Amino acid sequence: MTRTVVPDDHPRKASLDMRDTVIEGHQSNVVATAGLLAHGRGEAFDYLIGERTTAQADAAIRAAVAAMLTANHPVISVNGNACALVPNDLVSLSELTGAPLEINLFYYRPEREEAIKSALLAAGAKEVLGTHDRPSATIPELSSTRRKVDPDGIGTADVVLVPLEDGDRTEALKRVNKFVLTIDLNPMSRTAIYSDITIVDNIVRALPLMVGYAREMKDTPVSDLKQIVSEFGNEENLRESIRLIMEHLESKARSPKATASTSGR
Ligand code: ATP
Ligand code: MG
C-alpha cells in the first residue's frame, strides 16, 4: 500500500501515520480485522487524554519497568497491534529486562502467528515464544482457544506485561497470581482495572519511555526498585488518570481551541 503523505505541521500527523502503520499491519496479516477496531477505540481515548503522556502515565511507566527489573521471570505478551506499532521497542525492552517475547493472539490464525514472528525476528528478536511449534500449557477458566500459554513464558512468569489486552484474559492472569502490567488508553476498561500497574498512554509513546527507564534503572539497587513498585497504587493511578481526562475536557469546555498543557516529559 502507498502510505498517505501527511505534512509535518498537520495537527493529527502522529495519529494518521499510526493509522497507516496499523493498516499496513493488517495487510501483512500482523493485525486482525478486529484489531483495526480496537485501535479506533484507543484513538478515541487518546483524543480525550490530549494525545500526550501525562505525568501520571510516566509514573506508571517507571513503576512497571521497576517491576520487570525485579521480577524472577518477566514476560512480554505480544499481540498483532503491539507488534505492528512498536516492534523495535518491544525487542529492546525484552533485551534490557530479560523478559522473553511471547505471541498471544485473541484471533489466532497460523498466518498471523507467522507474520508476527517474522516481524519480531526482523526487528532483532533472538527468540519468540508462544508459537504453535512450542510446548503449550493452559491457564484455567478461559475458553479453549485463548487459554494456551508457553510453559517457558507466561506459564511460569511472575510478572507479565500485556499491552492492549482483553479483560477476560487479564482477569484469568490475575486468578493464576501473575503480577500484571498493562498499557491501555482506556482507564475504565476491565484490563485497566484488573491489572496491578496500568499505563494509561498510547503504546507508541509508552514503549520508548519504558526502554529509556529500563536503561536508566538497570543498575539501580533491587531494594530501591521494589520500593518504587510497592509505593505505586493502581486504584489511585486510575482515579488520577480519569481526573486528568476530566480536566482536559473541562479546559476544552471552556475553550474548544485550547491544547493540552501538562506533559509528563
Ligand atoms: P476490556 O476487555 O479490558 O474491558 P475493551 O473490551 O473495551 O476492554 P479491547 O478491545 O478488549 O477493549 O482491548 C483493547 C484496548 O486497547 C482498548 O481499551 C483500547 O482503548 C486499547 N488500545 C487500542 N489501541 C491502543 C494503543 N495504541 N495504545 C494503548 N491502548 C490502546
Ligand atoms: Mg475486551
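Fair warning: this is a prediction, and the values are worked out from it, not measured in the lab. Remember, it's 1-based here, ligands and their atoms both numbered in the order they're listed.
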Please report the C-alpha distance between E216 and R62 in whole Å, then the side-chain angles of each, then the deciding distance to 0.1 Å, and finally whether the salt bridge (Lys or Arg N to Asp or Glu O under 4.0 Å) criterion is met.
CA-CA 10 Å; E216 202 175 299; R62 182 164 169 265; 6.0 Å; no
Are any of the N/O atoms in L85 less than 3.5 Å from those in ligand 1?
no
Does any N or O atom in M18 lie less than 3.5 angstrom from one in ligand 1, N or O only?
no
Short N or O distance, D184 and ligand 1, threshold 3.5 Å exclusive:
yes
Is the closest N or O pair between L164 and ligand 1 shorter than 3.5 Å?
no
Can you pull out the closest protein heavy atom to atom 8 (O) of ligand 1? Residue, atom name and distance to 0.1 Å, please.
S189 CB, 3.6 Å
Does the structure place the NZ or CZ of R12 under 6.0 Å from the centre of the six-membered ring of Y47, at an angle of no more than 45° from the ring's axis?
yes
Salt-bridge criterion met for D168 and R190 (N-O under 4.0 Å)
yes
shortest atom 30 (N) of ligand 1-to-protein heavy-atom contact is with L185 N, 3.2 Å
Counting backbone and side chain alike, does D166 bring an N/O/S atom below 2.8 Å of the Mg ion (ligand 2)?
yes
for atom 27 (N) of ligand 1, nearest protein heavy atom and its distance come out as N202 OD1, 3.0 Å
What's the shortest distance from atom 23 (C) of ligand 1 to any protein heavy atom, and which residue and atom give it?
A38 O, 3.2 Å
State whether K117 and E113 are salt-bridged, where the test is any N-O pair (Lys NZ or Arg NE/NH1/NH2 against Asp/Glu carboxylate O) under 4.0 Å.
no
Output yes when a side-chain donor or acceptor of K148 lies under 3.5 Å from a complementary backbone atom of N104, and no otherwise.
no
Applied to residues 235-245, the salt bridge (charged side-chain N to carboxylate O under 4.0 Å, His left out) test, sequence neighbours excluded, yields E235-R239, E236-R239, E236-R243, E240-R243
Within the side chain of T182, is there an N or O that forms a donor-acceptor pair under 3.5 Å with the backbone of V162?
yes
If you have a sec, work out which protein heavy atom is nearest atom 13 (O) of ligand 1 and how many Å separate them, to one decimal?
E165 O, 3.6 Å
